[in-house]
Amino acid sequence: MHDDPLLRNLNPEQHAAVTLPAVPALILAGAGSGKTRVLTTRIAWLLQQGHMSPGGVMAVTFTNKAAKEMLTRLSAMLPVSVRGMWIGTFHGLCNRFLRAHWKLAGLPQSFQILDSGDQLSAVKRIIKAKNLDEERFVPKQVTWFIAGSKEEGLRPRDVELRDAQTAKLVEIYEAYEEQCAREGVVDFAELMLRTYELMRDNDPLREHYQRRFTHVMVDEFQDTNRLQYAWMKMFAPPGRGQSVFAVGDDDQSIYAFRGAQVGNMADFEREYHVEHVIKLEQNYRSFGNILDAANELIGHNSRRLGKNLRTEAGPGEPVRVVESTSDFGEAQWVLEEIQQLHRGGIDRKEIALLYRSNAQSRVIESALFNAGIPYRVYGGLRFFERAEVKHALAYLRLIENPNDDTSFLRVVNFPARGIGARTIEQLQDAARSSGRSLHQSVGAVAGKGGANLAAFVALVDAMRERTHGLTLREIIEQMLQASGLLDFYRTEKEGQDRIENLEELVNAAEAFVTQEGFGKDAVALPVDEHGPGTLANDAPAPAADRVPDAETGEIMSPLAAFLTHASLEAGDNQAQAGQDAVQLMTVHSAKGLEFDAVFITGLEEGLFPHENALSDSDGLEEERRLMYVAITRARQRLYLSFSQTRMLHGQTRYNVKSRFFDELPEHALKWLTPRQQGFGSGYAREYQQAWQRGAGMGSMVGAGRIEPRPAAPALVPKAPSHGLRTGQAVFHTKFGEGVVLTLEGQGDDARAQVNFGRHGMKWLALSVAKLTPVE
DNA sequence: AGCGGTATAATTTTT
DNA sequence: TTATACCGCT
């Protein structure tokens, strides 16, 4: 049956998925079930069998990383050029589409892409120009409104004007669109929406692409938003006979907060009359106890498509659970355990420390730092987002397009050249009243400011002239000199790192030109603007990079292509790759990764599940899925950890252990600290204090049993008449068990704020409420 | 223009 | 606690 080497070693479900006929199919791919393998093997198999040509493939992912992974694996499987295939991120493919059809899309040929930061400053400018109150129209929220509207497929005229506030927001949205059009830029959501609209409105074009893409595959389908689903339907609508291969996992849907619609999976099944739903439940990553924990936990969610992970690997080690008295103690314990694991032969890069929110990394970082253990924190600034790099890119953008006001404003006075806020305001007024760009309005400003502005414009113009015809590397080097950026950072005391980053920018450009062959994302394919007819269906881009525009014969410049690349792929964050370092990240950023050993820290009510998500059941279910994602990252060892107290916003919070502990199977767990009946029993505290005095936990853990230690004197303030103190565990007949957070007032006035975990935070009058101390 | 003080708010994130 | 924003001063 499996003579074909491609299909060898596939399990029956994977095999079935790979060799499905060309009809719509939904693949429910559990964590660690070989999803990417199925996706790439299917493409390879279809090509090998001659069921489709390379040009007939469209495979969409969310991240550049996933797209790259797919391409790498695919080219390892088959000696096929990936050039003609449309494999990439939603935004990358939109970019490719719009580069080919810029004219029809109503865009300038080398339109540039705004990242979220650029978009924010663009919105800020509009709010200022319209003289609106930034309190009422918070720029961040306005960008959410705009992106949100676009992701619902709504242009300003389509948004329902529910109230005055919305009407004003729509007005800003409208102005924002005009501004983007004037400057020749698009934001991320615009890439999607513009593509969708062009496909919707241009019959020959739609017809062409629908005929071309016989196989459309969408990865992480549970993360698609409304627009992305509608977009997909434009390329492969129901009933047109294309193969649509949607791969996803509803249990790993953790991006509802940014518009993801898990419901798209069910909608897809219904609208496409999907007959083939294949569940990939065989897990190749984790041992049984870990999967038991994951399965049981996620079983507490309703509204699932239903899926259970199984393994043939045996139960493996138990899931270890640890309680600490403080976040500090937790970090110390994690540190010890990491050292133990490392001594036991596990690479540090195979150890992940996961947390719900970024703020939690700090304590752990300092513990690791003090112990001299190398670590890498995910998240944070990425390469192309760093200030000095953005400045350099702004100059490059101005070389490419002097009317890019966002870039103009970023560097008009950086390095300082005597152009102050007043001058800029005058310039903006002039530009606004004439409807022209800042660059075009420079002449309207008189005086010294005006002269300086003119000098700036002359500088950029000179850069443009002098770099004409040079290689990308030379252009950037010229610009770094001429702009004064290099000189500026050379004289700055902490400028050395920045200069290194600017040099790195030159390297990145060089790499882009040579290795990447800057065509992949950025350069137009030879697609006729005027519809099918003359189209070579899957003509690969000729000899790599420089594809002339179908109509004018113009070539997109390497510079414009590089700028596009920089916007679409923000690059890694700073951490030195390659080193054997412990991996620190949020649970969200751990999605898709796997490690030998995983620590999930801060498993406390209010933190994980997060308090902001507790108000509705959808929120709680997403938190639970998040926990599910976290658990399923672990191959061999999983640690769950929580702490009685935690420093948050500069205050000590008294927490209750996460409700998720009650949703895990007892048989799979092993408590390394004594199992608590209620909360904060003296025993655990004594134990922790004993440990913190230096007894160390590793040996006790290693021995597999914990010996009671002599009690340490409790460091608590003197007890007032009601007998309560902060941190006190209490019982309330209605709310159950809780922990006292704050005590106020005296006698009959005395009040206590109590954290009842899932019953929330309560203020109780002690003269009325029946609170029983638990200890 | 740039510095330093105070106020304020503080999940999760990719493109 | 800490990062960022804004204001007022030099």
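To find a chain, count down the sequence lines: A is the first, B the second, and so on, and within it residues start at 1.
- Judged as a side chain to side chain contact (heavy atoms under 4.5 Å, CB included), and not counting sequence neighbours, the contacts of A:Pro415 are A:Tyr395, A:Arg417, A:Leu485, A:Phe488.
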Atom pairs and distances, donor-acceptor, side-chain atoms in residues 252-259 of chain A, under 3.5 Å, two or more places apart:
{"from": "A:Gln252", "atom 1": "OE1", "to": "A:Arg633", "atom 2": "NH2", "distance (Å)": "3.4"}
{"from": "A:Gln252", "atom 1": "NE2", "to": "A:Asp249", "atom 2": "OD2", "distance (Å)": "2.9"}

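- Contacts of A:Phe62 classified as ring pair (Phe, Tyr, Trp, His ring centres under 6.0 Å), with partners at least two apart in sequence or in another chain: A:Phe90.
- In this structure A:Asn401 satisfies the side chain to side chain donor-acceptor pair (under 3.5 Å) test with no other residue, sequence neighbours excluded.
- To the nearest whole angstrom, the two C1' atoms, one in C:dC6 and one in B:dT11, are 25 Å apart.
- Residues that satisfy the side chain to side chain contact (heavy atoms under 4.5 Å, CB included) test with A:Asp115, not counting sequence neighbours, are A:Asp118, A:Phe188, A:Lys390.
- Evaluation of the side chain to side chain donor-acceptor pair (under 3.5 Å) rule for A:Glu604 yields A:Arg646, A:Asn655 as partners, not counting sequence neighbours.
- Taking the ring pair (Phe, Tyr, Trp, His ring centres under 6.0 Å) definition, one finds that A:Tyr639 meets it with A:Trp333, A:Phe599, sequence neighbours left out.
- Shown are A:Phe661, A:Phe608, A:Tyr355; of these, the ring pair (Phe, Tyr, Trp, His ring centres under 6.0 Å) with A:Phe642 is made only by A:Phe661.
- Partners of A:Lys124 according to the side chain to side chain contact (heavy atoms under 4.5 Å, CB included) rule, which considers only residues two or more places apart in sequence or in another chain, are A:Leu120, A:Pro139.
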Protein-nucleotides 3-5 of chain C N/O pairs closer than 3.5 Å?
{"from": "C:dA3", "atom 1": "OP1", "to": "A:Arg362", "atom 2": "NH2", "distance (Å)": "2.9"}

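- Listed by chain and residue number, A:Ser110, A:Ser557, A:Leu559, A:Ala560, A:Leu563 satisfy the side chain to side chain contact (heavy atoms under 4.5 Å, CB included) test with A:Glu400 (two or more places apart in sequence, or in another chain).
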Per-nt protein contacts along nucleotides 9-15 of chain B (heavy atom under 4.0 Å; B base, S backbone sugar-phosphate only, - none) come out as -BBBBBB
Measure all distances between protein nitrogen or oxygen atoms and nitrogen or oxygen atoms of nucleotides 1-3 of chain B, and list the pairs falling under 3.5 Å.
{"from": "B:dA1", "atom 1": "OP1", "to": "A:Ile419", "atom 2": "O", "distance (Å)": "3.1"}
{"from": "B:dA1", "atom 1": "OP1", "to": "A:Gly420", "atom 2": "N", "distance (Å)": "3.1"}

